[in-house]
Amino acid sequence: MEEMELQLKLALSSNLDEGFDLNDHNEEQEYDRLMKKKRCFDETFEEIKNVQVPRTLPLLDHIDLCEEEDGVVGWPPINSWRKKICHHYHHNSRRGCTTPTNYVTVKNGCGGGSRSNSMYVKVKMEGVGIARKVDLSRHHSYQTLIDTLMAMFANEKVQGYKLAYQDKEGDWLLAGDMPWG
Amino acid sequence: MAQSFPEDVLEHVFSFLNHDRDRNAVSLVCKSWYDIERLSRRRIFIGNCYAVSPEIVIRRFPDVRAVELKGKPHFADFNLVPEGWGGYVYPWVVSMAGAYPWLEEIKLKRMVVTDENLELISKSFKNFTVLVLLSCEGFTTDGLAYIAANCRNLRELDLGESEVEDLSGHWLSHFPDNCTSLVSLNISCLGSEVSFSALERLVARCPNLKTLRLNRAVPLEKLPNLLCRAPQLVELGTGAYSAEIQSDIFSNLSEAFLGCKQLKGLSGFWDVVPAYLPAMYSVCSQITSLNLSYATAQNPDLVQFVSQCGNLQRLWVLDYIEDVGLEALAAACKDLQELRVFPSDPYDAEGNVTLTEQGLVAVSEGCPKLQSVLYFCRQMSNAALVAIARNRPNMIRFRLCIIEPRAPDYLTLEPLDAGFGAIVENCKELLRLSMSGLLTDRVFEYIGTHAKKLEMLSIAFAGDSDLGLHHVLSGCESLRKLEIRDCPFGDKALLANATKLETMRSLWMSSCSVSFGACKLLGQKMPRLNVEVINERGPPDSGPEDCPVEKLYVYRTIAGPRVDMPGFVWTMDERVSSRFSRATEGHGD
């Protein structure tokens, strides 16, 4: 059998050194040093956590229901073509409604809940990628609304947040300035 | 030793070997087989364009007719790879233009292609017949005009889901009148309108046209004109599937579809007006592949249409199908092999549709041939996953995306470890797995123990520690591609399994806990790997060595470090200590 002289391999051979662990290599000391020191990422994060920054929590997101800019990049994992369709669709009618709707003015039977008196609105929390829905018809005061929202976003850090909403003219108002009605 | 066969006999025998695996095996037998094989190899597939250089390829395989290349990592589809990262086809086209004058086919995926590249392709290869550009970018419709005008025998032009700068629709008119060779044309990604009369004439003069995927701008009323001129079509992608409700439009459409006796695949369906779906009823029973994933039709119109397609093998659909629609699918489509359900409202935690784990369980029960699943939903349970696993041990691709990161079993609030564990334990032929939901290190133990055929694994927001990653790297013998985001995996598992990385095509880790120091170590010790750190916020050495890198992309290569990296990508290699000023030794290079 002639000696095999391969100048290159497009398929790497499968017999590799067993038990080659860079953790055990000469660099063990350096590795230990790396592992012992506190991560700088954690350090940075600790600083930010403790600062109380009053932030507003947009109640209504008129702009673009498909924006992920505030939230997690690349999640859910859909490509830009699907995102475009999603974007395009939400600017047109849904479920048979012929008026261009955003989520707030949804009436019975269109989008949202199946109960006939429900008033579902979308709630986005700054920095959180996924929005939630809350049925305004089930609340009779700002306090119960805020409590419900805080519970919904319970796994996010909610200290120091304020609730704001956008009225028909597009002005942002702080919840509580106007009576609930 | 016996005399070997004459070379031309061996070459003839080798001509029956089409699969790369077989040809690679044959080339390892002896030097003369290696030479005969390399001279007769006509098709090459390069899964990572940076794993090898054009020069090396051309030197070994001097007479190639078909090249397939992939560029960016898969997570580029979800915007995780920054703009300008790389994947340029330019050096390949330039080299091949000189070396492969008889090149016929170029297929590219996730690569950057320019108009100049397209012009060069159109002028360099006299027998050029197939151009497929999937998820590519960087070119305009001007580049397409070169292809149309100069490739006399073009059979296939497929633009996939590429990002094309649409300057005008005029490029299509560059196909000369004597071009009659088209077999497949996919322009679905283009925005602007092409000249309909040019399209009509092109379709009419190409008797072998089997696949025609139109773009959204082609109006529904004109679709019959094309179908009548191409009744031999096997695959059709409609344009916008909407028009005012008029009986003559409907009857023209129905009649046109009636003539398409060979039609097996349907796609397109933007802006669907449900009233026009029944126009296709005459072909429904022939259809084996149906892509309704851009169709915003809802039930009952949607399920009614899908239920007509009793011979369906592949269905892509939005979650408007809901559980009830999937139950109907399970009852009607017993040949179903592949199901993909995409989210209509991906950024809403609750969604509007009743699509749950029940739908997928129903399909797994009712469709014995189901082997490939991509499913977006908002709730999942271990019980459902176990049921799916037990129903479908023949599953080979299973990709589940629960919209909320780290969502637990909604019934028990436990992690979904047991569910995914059941998948890998029962589905022994599983090749591809994507997971989501709340997952601990335990699920990775199951995967490492059972997923012996697994080739591609995607992980997000999962695991507790390095042990998770270690289970995967040490246990999954067939693993080729591993992509990870937002998991607490750090240095230990990576460094302990460094040689494993040489047996894989690539590893992607972003928003994990791999330190810059570990990346340097890996790059220095493993010369056959390119260890690339992607840090957009600044050089990785601007913090301490234990600072985690933003993104890490590791891949095996025989071409050495890249030379086309943008400013935010750093290669970790043996010279890295001199490049970064933190070096304590004074190695000059």
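Every chain is numbered from 1 and lettered A, B, ... according to where its sequence line falls, protein lines coming before strand lines.
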Among B:Ser293, B:Ser135, B:Pro343, residue most engaged with chain A (heavy-atom pairs, under 4.5 Å): B:Ser293
Euclidean distance, A:Lys84 NZ relative to B:Glu161 CD, rounded to 0.5 Å: 9.5 Å
Exercise: identify the closest heavy-atom pair between B:Cys401 and A:Pro76: SG-CB, 4.2 Å
Nearest-0.5 Å distance that lies between atom CD1 in A:Ile78 and atom CG in B:Leu374: 11.0 Å
Contact class of B:Ser162 relative to chain A, heavy atoms under 4.5 angstrom: backbone
B:Phe461-A:Trp75 aromatic ring centre distance below 6.0 Å: yes
Most chain A-contacting option - heavy-atom pairs closer than 4.5 Å, from B:Ser511, B:Ala51, B:Ala25, B:Cys189: B:Cys189
Structural part of B:Ile402 lying under 4.5 Å from a heavy atom of chain A: backbone
side-chain contact (heavy atoms from CB on, under 4.5 Å) between A:Ser80 and B:Phe78, intermediate numbers included: CA-CA 7 Å; A:Ser80 51; B:Phe78 316 130; over 6 Å; no
Least distance between heavy atoms, B:Arg485 atom then A:Val73 atom: NH1-O, 2.8 Å
A:Arg82 to B:Tyr294 six-membered ring, cation-pi geometry met (6.0 Å, 45°): yes
